[in-house]
Amino acid sequence: MEYILIFISAIFVNNIVLAQFLGICPFLGVSKKIDTSLGMSAAVAFVMVLATLVTWLVQTYILIPAGLEYLQTIAFILVIASLVQMVEIILKKVSPALYQALGIFLPLITTNCAVLGVAILVIQKEMNLGQSIMYALSTAIGFGLALTVFAGIREQLELSNIPKGMRGMAIVLVSAGLLSLAFMGFSGVDNGLRALFGLN
Amino acid sequence: MNYLNIIKNGIIKDNPTFVLMLGMCPTLATTTSATNGLSMGLATMAVLICTNVVISCMKSITPDKVRIPVFIVVIAAFVTILQMVIKAFLPDVDKSLGLFIPLIVVNCIILGRAEAFAAKNSPLASLFDGIGIGLGFTLGLTLLGIVREVLGSGAIFGWAFIPENYNILLFVLAPGAFITLGYLIAIVNKLKK
């Protein structure tokens, strides 16, 4: 039950992009076409789950026993950077097709604040390993959903007649605002579910 | 090299918020009020100045192949220092900015300036570039914060002057951030012509 709650709340209610403002750079940068946005979402999902797993283990079994919690930021960013590099090397050897598809997006993920953000958030929220993985996976799906929906909107925008001053980033940001407004319609759903499942 | 020009470029020609559009996450997330925007801008500026100078000093001893990891470690070290200083001396700021202080590490402005400016120029020029870009970012965030605070909570830097009944709550919430920045960029585009 708790896992369903995490799942729904991370995708719809507290969408990582539209409600928490993490991962805005890829959201605005790689959402011009639906194909590329799907590729980016897959790459982010892969790295986010893996990174959260590793950083959770690093925090619990290395940093806390050694009393080095203040090194969290440095340790996590190093883990994420080397993980992205490693995933890139392994994918190149094991699955060249997947590497071709995700290739260009992988290096970009190191500076995707959503990955580091989720890694820090699960520690702050004191989740256990299972919850952390579930949270990372749901967040990544939420990211993919927002990115793909937005790419669809932007493909339509290309065809419409936009006033000169609003062209480019301006109309893109206003559309993102409207999409975010639509997602606000889900607010409160998590509390309703919590009451339904009898959790606090 | 004219140092005043470097600062002017950072604020106007290469303004990170309205022209380069870098570091959008903190820009949108922390500008619920003018004070929050200002403190996020200053925090980022502090890290940017330190990293620019240190990276510029280290440029001759940094091997080209591992430069990005080296830059990231330098940035992460300064962010950790800043995080501790803010926690110790400014607990209110720590509470309102929260997660976005450690996330300065992945702010593309800082890595971008390290790569594009500090790795090629002298430490003194990098110092001024850090000040210029930092001021440009602070200005952008404060402006966005002021607009959102005036429209959303009828106040400016916490000083309320519009009765509560006339506030548009939307502008303090997430969609307001996107919409306000969109229209500010449209205005900047118009002014540029």
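Remember, predicted model here, so these are calculated numbers, not experimental data.
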Shortest non-hydrogen contact between A/R167 and B/N189, atoms and distance: O-ND2, 4.1 Å

Region of B/L173 in contact with chain A, defined by heavy-atom distances below 4.5 Å: side chain

Interface residue of largest heavy-atom contact number with chain B, from A/G117, A/A182, A/A81, A/P163, under 4.5 Å: A/G117

Verdict with reasoning, A/V174 to B/F178, per side-chain contact (heavy atoms from CB on, under 4.5 Å): CA-CA 6 Å; A/V174 174; B/F178 286 110; over 6 Å; no

Distance-minimising heavy-atom pair for A/G23 and B/C25: N-SG, 3.5 Å

Contact class of A/L78 relative to chain B, heavy atoms under 4.5 angstrom: side chain

Heavy-atom contact with chain B under 4.5 Å, split by part of A/Q20: backbone

Toward chain B, the part of A/I77 with a non-hydrogen atom under 4.5 Å: side chain

For B/P175 against A/G177, the heavy-atom pair lying closest together: CB-O, 3.4 Å

Single-linkage hydrophobic cluster, 4.5 Å side-chain cutoff, B/V74 and B/I68 together: yes

Nearest-0.5 Å distance that lies between atom CG in B/L99 and atom CG in A/L116: 7.5 Å

Student check: side-chain heavy atoms of B/L103 and A/L22 closer than 4.5 Å: yes

Joint hydrophobic cluster, B/V150 plus B/W159, side-chain heavy atoms closer than 4.5 Å: yes

Other residues, nucleotides, ligands: >12 heavy atoms within 6.0 Å of A/L196 CG: yes

Linked, directly or transitively: B/F171 and B/I162 (ILVMFWY side chains, under 4.5 Å): no

Heavy-atom contact with chain B under 4.5 Å, split by part of A/A19: backbone

B/Y183 vs A/M166, side-chain contact (heavy atoms from CB on, under 4.5 Å): CA-CA, chis, key distance, verdict: CA-CA 8 Å; B/Y183 279 106; A/M166 292 295 288; 3.9 Å; yes

Interchain contact, B/L170 with chain A, by part (heavy-atom threshold 4.5 Å): side chain

Hydrophobic cluster identity match, A/V58 and A/V47, side-chain contacts under 4.5 Å: yes

Over 12 non-hydrogen atoms of neighbours within 6.0 angstrom of NZ in A/K92: no

Atom pair CD1 (B/I101) and CD1 (A/I120), whose distance is rounded to the nearest 0.5 Å: 11.0 Å

Heavy-atom pair with the smallest gap, counting every atom of B/A177 and A/F21: CB-CZ, 3.7 Å

Linked, directly or transitively: B/V66 and A/I89 (ILVMFWY side chains, under 4.5 Å): no

CG-CG distance between B/L28 and A/L28, expressed to the nearest 0.5 angstrom: 7.5 Å

Heavy-atom check, side chain of A/Q72 versus side chain of B/P102, under 4.5 Å: no

B/F161 atom CZ: more than 12 heavy-atom contacts under 6.0 Å: yes

More than 12 heavy atoms of other groups within 6.0 Å of A/Q124 CD: yes

Crowding at CZ, B/F157 (>12 non-hydrogen neighbours, <6.0 Å): yes

Heavy-atom pair count under 4.5 Å with chain A, highest-scoring of B/L181, B/N107, B/T30: B/L181

For chain B, the option from A/V17, A/T73, A/V115 that forms the most heavy-atom pairs under 4.5 Å: A/T73

Side chain, backbone, both or neither of B/L184 within contact of chain A (heavy atoms, under 4.5 Å): neither

B/K59 atom NZ: more than 12 heavy-atom contacts under 6.0 Å: yes

Under 4.5 Å from a heavy atom of chain B, the part of A/I171 involved: neither

B/I179 side chain reached by A/L173 side chain, heavy atoms, under 4.5 Å: no

